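Structure record follows, encoded as structure tokens.
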Amino acid sequence: MKLATWNVNSLNVRLPQVLAWLEAHQPDVLALQETKLEDHRFPAADFATLGYSAAFSGQKTYNGVALLSRTPLGDVQTGIPGFEDEQRRVLAATVGGVRVACLYVPNGQAVGSDKYAYKLEWLAAARDWLRDELAAHGRLAVVGDFNVAPEDRDVHSPKRWEGQVLVSGPERDAFRELLDLGLHDAFRLHEQPERVFSWWPYGRLGFPRNWGLRIDHVLVSPPLAAECRACTVDVAPRRHERPSDHAPVVATFAAPSD
DNA sequence: ATGGTAGTGTAACTA
């Protein structure tokens, strides 16, 4: 199984890139964030042409998540149960015996802001929900844009970023609490080069200098961790004209019998 | 030089 996640920062703009990437890489599942499309505008027919089914939960201008799959998506769920939120940030579905949760964690804007408080509340609610998901589904993958760089090695310049939103202590603690549920960061299951990131600011000071953060993640339950063979960031789409500011993260898993 | 770039949508917000 090949599972990927990509914050596309407007599916309307990025659709040709996403279609090309799907054709080239043929993942079993691709999770998208920041589609910024209302559901009636979701380009399901374009994905169907490539053999992908889609589930989606979107809104105008902001947020929006989707799951694309080569096999049917079952038990589709939107939002965190019991957590009232108008922002479309969560979508979960079952694919081939694997429960996949697609998250677009709030950015948080700035430490101490209202949006930062919302981010921490949101992460606490997600943690409580995912504890239940983990109990209900042995094979669980939680993927998406977490808007948290878990450790200093996930930050191009830890000193410059120290205490800032995306790397602050409380955000890292919240991310750690997800791992403490029994989830594994698929990227860290494997030996990795230094300075691998998944997001870079737009502009000359961003990608060209690799001034990035690793904030997009694939978290997996123990059975999937045992089957995980690789987890990489595909930086190629970040070089395109009109790129998303994020690159796809791709995890591959051996079949359970292998 | 005294701030940058992108998307939405056409002012101002979010990232």
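Sequence lines set the chain letters: A, B, ... in the order given, protein chains first and strands last, and positions in each chain run from 1. The figures here come from the full heavy-atom set of this structure, side chains too, leaving out hydrogens, waters and symmetry mates. Small disclaimer: the values here were computed from a predicted structure and weren't measured.
Atom P of B/dT14 sits at a distance of 16 Å from the matching atom of B/dT10, rounded to the whole Å. Going from the C1' atom of B/dA6 to that of B/dA1 covers 22 Å, rounded to whole Å. A gap of 15 Å separates the P atoms of B/dC13 and B/dG9, to the nearest Å. Taking the C1' atom of each, B/dA11 and B/dG7 are spaced 14 Å apart, rounded to whole Å.
In this structure, A/F207 reaches neither bases nor backbone, as no heavy-atom distance under 4.0 Å exists between it and the strands shown.
Counting to the nearest Å, the P atom of B/dT14 and the CZ atom of A/R89 are 11 Å from each other. Distance CG (A/N147) to C1' (B/dT14): 11 Å, rounded to an integer number of Å. Rounded to an integer number of Å, the gap from CG of A/D216 to P of B/dA15 is 14 Å. Rounded to whole angstrom, the span from the CG atom of A/D145 across to the P atom of B/dA15 amounts to 10 Å. Atom-to-atom, NZ of A/K119 to P of B/dT14 comes out at 15 Å; the value is rounded to the nearest Å. Going from atom CD of A/Q59 over to atom P of B/dG9 covers 11 Å, rounded to whole Å.
With A/Y52 as the aromatic partner, A/R70 meets the cation-pi criteria of under 6.0 angstrom to the ring centre and within 45 degrees of the ring axis.
Using modelled atom types, one finds a donor on one side chain and an acceptor on the other under 3.5 Å when comparing A/D234 with A/W21. Checking A/N63 against A/R89 by side-chain atom types alone, a donor-acceptor pair falls below 3.5 Å.
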Audit row: A/R214, A/D185, salt bridge (Lys or Arg N to Asp or Glu O under 4.0 Å) steps and yes/no:
CA-CA 12 Å; A/R214 193 176 70 91; A/D185 180 347; 2.8 Å; yes

Please set out all donor-acceptor pairs under 3.5 angstrom arising from side-chain atoms of residues 40-47 of chain A, sequence neighbours excluded.
none

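The ring-ring contact (aromatic ring centres under 6.0 Å, His included) search around A/W129 returns none, not counting sequence neighbours.
Both A/V218 and A/V100 belong to a single network of hydrophobic side chains, linked directly or stepwise wherever heavy atoms of I, L, V, M, F, W or Y lie under 4.5 Å apart.
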Please list each protein N or O that sits under 3.5 Å from an N or O in nucleotides 4-8 of chain B, with the distance.
| residue | atom | partner | partner atom | Å |
| --- | --- | --- | --- | --- |
| B/dG7 | OP1 | A/R14 | NH1 | 3.0 |
| B/dG7 | OP1 | A/R14 | NH2 | 3.4 |
| B/dG7 | OP2 | A/R242 | NH2 | 3.2 |
| B/dG7 | O3' | A/S10 | OG | 3.3 |
| B/dT8 | OP1 | A/S10 | OG | 2.5 |
| B/dT8 | O3' | A/T61 | OG1 | 3.4 |

